[in-house]
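Contents: one structure, followed by commentary.
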Amino acid sequence: MYALREALQLWYSTHKRDLPWRHTQDPYAIWLSEIILQQTRVDQGLPYYHRFISTFPTVNDLAQATQQEVLNLWQGLGYYSRGRNLHATAQQIIAEYNGVFPETYQGLLKLKGIGPYTAAAIASFAFNLPHAVLDGNVFRVLSRYFGIDLPINATEGKVLFEQLANELLDRHAPALHNQAIMEFGALQCKPVSPNCKWCPVSDSCAALKANKVDILPIKLKKTKIKERFFVYHVITNQQQQIAFQQRGPKDIWEGLFEFPLREFEDDDKAAAYLQDKTTIGAPYKHVLTHQKITAHFIADRVENWPQNNFLFLDISDLNAHPIPRLIDKFLDTFVQNNLDVKPAL
Ligand code: SF4
């Protein structure tokens, strides 16, 4: 343990990249960099970091901005929900914490969008607290160096890696240690073609000895869950009947009846469509074996659907028409709450 810890810090002192968030202990700047770098390469995220920190030098500046201003700066980075969460968290820090970042790991975890990795990163880099970071780079270094073939995304593996990362942590220099092991994983012990030939710990690396470098770390393949974003249009006629249409083949719920539907490929596109519309209640989350559906419901007018082949049904007639459980759940609340079913104006 001690030898690896020393070797990592020595390696880091000569190989580290000069990155702006490594010159600060400001939790806001560190948090900003961590959120920007999620699912983003450093060279791609760097200009965004500069742009954000110069436009919004403090968390207060970010919180005061409009969501549109934040999203405009975020443009091109993808995963727009990260941009929206960034803004929401800044507002939370102003509203609930007087504009001051919590200074403990547990306190940081209470912020929106901050999980164990980001909390450990901020706690160690900003406050030098002894919390070990565990990201993809750290998992890789640990699994290869110690030759661990437990899957990194299964409970048993996660517990073991967490334990190991904490044992390895240099409690006297947690910020330096965390930076060193992550940088080592990013530049030296890379996912593909790690530089084992010139590695300072190759003599004691278990994966290298056992010829397992290419197969570690092990990650269990998860069945991919497809996310879908539905907007259902609740259209009523003068008799207070509701418009339904029948679902076609080759998809879920074949032949079942549902409200007129528009489907969007992601949450951002659905949100843009809903921007000037009034939704009925909160969105519904509906989970199927391989699909997760987020469904919004809005009131609409039949005139907006000139090519329709709708079937107008009384709610009491629905027994004769099979409907998906999701629509059923919505109707339960809809009828119970006696919500306004008149056409949208
Ligand atoms: S020898 Fe290769 S696999 Fe082992 S720690 Fe070094 S770079 Fe990683």
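Please read these numbers as outputs of a predicted model, since none were measured by experiment. Order of listing sets the numbers, starting from 1, for every ligand and every atom in it.
Counting only heavy atoms from C-beta outward, the side chains of D214 and R144 never approach each other to under 4.5 Å. Counting heavy atoms from C-beta outward, F125 and E34 have side chains that approach closer than 4.5 Å. In this structure the side chain of F139 never reaches within 4.5 angstrom of the side chain of N153, judged on heavy atoms.
Around atom 8 (Fe) of ligand 1, the protein N, O or S atoms closer than 2.8 Å are C189 SG, listed by chain and residue number.
Ring planes of F297 and F330: parallel class, angle under 30° (limits at 30 and 60°).
Each of Y232, F312, F310, F259 was scored for a ring-ring contact (aromatic ring centres under 6.0 Å, His included) with F244, with one residue passing: F259.
Two different hydrophobic clusters hold L142 and L216 under the rule that ILVMFWY side chains link at heavy-atom gaps under 4.5 Å.
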